[in-house]
There are 2 protein chains.
Amino acid sequence: MNTIADIARLAGVAKSTVSRYLNGGSVSEETKKKIEIVIAETGYAPNAFAQSLKAKKTNIIGTIIPRLDSYATSRTLIGIDERLRELNFHMLVSNTNQDLEREIENIYTLAKQKVAGIILLATQITDDHLKAFKQINIPVLLVGQQHDDVYSLVHDDETAGYAIGKYIIQRGHKNIAFLGVGEHDIAVGVNRKKGVKKAVADHDDIDARFFETTFNMSEAAIRAQSLFDEFSPSALVCATDNIAIGAVKAAYQKNLRVPEDVSITGFGGYEVTAMMHPSLTTVQIHFVDAGRTAASHIVKLVNGEDIPKLTYSNFEIILRESVDIRTDHPI
Amino acid sequence: MNTIADIARLAGVAKSTVSRYLNGGSVSEETKKKIEIVIAETGYAPNAFAQSLKAKKTNIIGTIIPRLDSYATSRTLIGIDERLRELNFHMLVSNTNQDLEREIENIYTLAKQKVAGIILLATQITDDHLKAFKQINIPVLLVGQQHDDVYSLVHDDETAGYAIGKYIIQRGHKNIAFLGVGEHDIAVGVNRKKGVKKAVADHDDIDARFFETTFNMSEAAIRAQSLFDEFSPSALVCATDNIAIGAVKAAYQKNLRVPEDVSITGFGGYEVTAMMHPSLTTVQIHFVDAGRTAASHIVKLVNGEDIPKLTYSNFEIILRESVDIRTDHPI
DNA sequence: CTGAAAGCGCTTACAG
DNA sequence: CTGAAAGCGCTTACAG
């Protein structure tokens, strides 16, 4: 492996000149040529550590994620990675396995590794988070959750919840169940539910009930079964596609036809929802795009440029087979 | 941010003594105490770049993956990450987006970043790969593909293919289709098919035909439709769960009942296969375990310990509802 | 057990 | 435009 000293010697110039050449400083055409040739011959590549030691900064963006085996996460990472690469940055992924302590820990660790910025696919923001953000003095961007004190990129969960609720109501459903997750998750647990609630609040002839489960498909299936025992909805709005997949399974097990006996909707737009039988009507969130935007934003912050404190990413409702028109629901 | 010089000054000792303390060299109890206190007070953490610049080595394992949105990949990464953390190493993920050139490029980039070792979730190994491995002089472990010149951890695809083939035959199927992927992918495209071929070769009353598609669910669905037109198998063995999901969809569209008209099997053991209707009989590969093993192995290589050149990870067949017994298949 | 000094490979004022 | 020198924060022989 060659060092800058080797290149300088071979090119017959000083190290500082080579460094200047490398970093776009002023170097005469002639000197430029000489250095170029030597670098091409030797295949020289600067030592990133030595650079970082001086610069005290890297071109790495640390991305903290709660879990790896999630469609939303992996699609978002793809977008971040893609865009970061275009901007000449690298992505360092740090998985917390849904452990909040590890999330805080990771913020400090990434700071120690001198990442240029941090993207946090957050599930909740605690005081410890805010303290860490203050202390590390590195740009941070939240994705999927919003907090007034931090730059945030959120899927517009409440509006999306409102839209899918409205759609279900327009299709004539009056007995509507919502199967969500706990309120510790602001985006999924609180906002999506809030949107649906708002939609049903617009009408006074609707019996809407709200249930809770986890993000796990099998647990959602079990919860949906007992839900079908307690309440007989004509439509079941689910807070994620995985929950919806579990609910469809539960319907089969209860001998309920989808959508004839019960309509079911998802949230996310996972690829597999198009392949199910019946295919799932769902709210599609553009995770890859969101990831790309997140990458653009964090790099802007790194470069000292301004971005809006809060950005919304887009969604759309994909109409498929799992929702039926209901003019009169037989209880 | 404190440096080792600050700590030394505050503790009233030399920098080298602090360094020795940090790295487990011989330091008197008394000195140890003083340094400990100062470090605790200041929250000092060594600068990783300065360390790496000297040591010319990090505790980072670079992991190169072909894609992020794959169940197999994410589960494997979870295992790698988990185990690496236990061993006090970090995981740096580098996505190639299935671009072979970028894969080669990444090998060199990671080497430049002085990762301690590289885990490559490979789809194929070319001469350029081998050349890169030679040149970088860093331990490399292949996962999912095997090559004689490189340490490899493979899912035993051929044996697994043989096992699922055998199982289908035992259930009385005589008209068997296999829907696989191109042979550039040795593990999935070649070995799984080879195993199934071997299973049918043991019997002389079987009409087995082999078809090809891609890893994409929707494309697999389309290919399966035309397959059902060309050939009327009583069982369709798919090379991945995603292909099987597409095939089940195609069966629905062709008004074929699963498993009464056609049995379908997958490969992978994705969570969603348990939730489908009917639930999918599939070969489960233990990706998380494989990831953990991969992490253990690469760290052993980094530490100069020996590991077997080739390791097989386990699989099992999960029997569910998508396969029927067939005593006599009416063409 | 301890400390002074050199060096890892780069960058950056500073002087010419 | 160019070069000599200092310094980034560590580690590691070496001498004591």
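Keep in mind the model is a prediction, meaning the values are calculated, not measured. Heavy atoms only: backbone and side chains are in, while hydrogens, waters and symmetry mates are out. Note on naming: letters A, B, ... go to the chains in the order of the sequence lines (proteins, then strands), and numbering restarts at 1 for each one.
Reading DNA chain C from its 5' end, the first and the last nucleotide to sit under 4.0 Å from a heavy atom of chain B are C:dC1 to C:dG9.
Every residue two or more places apart in sequence or in another chain was checked for a side-chain hydrogen bond (donor to acceptor under 3.5 Å, both in side chains) with B:Thr311, and none qualifies. Scanning for side-chain hydrogen bond (donor to acceptor under 3.5 Å, both in side chains) contacts around A:Asn23 gives A:Ser19, with sequence neighbours left out.
Base-pairing analysis of DNA chain C finds the following stems of at least three consecutive Watson-Crick or G-U pairs, with both pairing distances under 3.5 Å: C:1-3 with D:14-16, C:5-12 with D:5-12, C:14-16 with D:1-3.
Side-chain atoms of A:Asn95 and B:Glu82 form no donor-acceptor pair, as typed in the model, at a separation below 3.5 Å.
In this structure, the side chains of B:Leu10 and B:Glu41 stay at 4.5 Å or more apart for every pair of heavy atoms. A:Asp306 places none of its side-chain heavy atoms less than 4.5 Å from the side chain of A:Lys300. Between A:Val150 and A:Leu130, some side-chain heavy-atom pair lies under the 4.5 Å cut-off. Between A:Tyr312 and A:Val154, the closest side-chain pair of non-hydrogen atoms falls below 4.5 Å. Contact check for A:Tyr21 versus A:Val13: no side-chain heavy atoms found under the 4.5 Å cut-off. B:Ile186 is not listed as a side-chain neighbour of B:Gln146, based on a closest heavy-atom distance of 4.5 Å or more.
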Give the C-alpha distance, both sets of side-chain angles, the deciding distance and a yes or no for side chain to side chain donor-acceptor pair (under 3.5 Å) between A:Asn106 and A:Thr96.
CA-CA 8 Å; A:Asn106 267 309; A:Thr96 67; 5.6 Å; no
Check the pair A:Asn88, A:Glu86 against side chain to side chain donor-acceptor pair (under 3.5 Å), reporting the backbone distance first and the verdict last.
CA-CA 5 Å; A:Asn88 244 310; A:Glu86 290 168 13; over 6 Å; no
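The stretch residues 14-35 of chain A touches DNA chain D through A:Ala14, A:Ser16, A:Thr17, A:Arg20, A:Ser26, A:Val27, A:Ser28, A:Thr31, each having a heavy atom under 4.0 angstrom from the strand. Taking a 4.0 Å limit (strictly below) on heavy-atom distances, residues 3-11 of chain B reaches DNA chain D at B:Thr3, B:Ile4.
The aromatic rings of A:Tyr71 and A:Phe287 sit perpendicular to each other, their planes meeting at more than 60°, with 30° as the lower class boundary.
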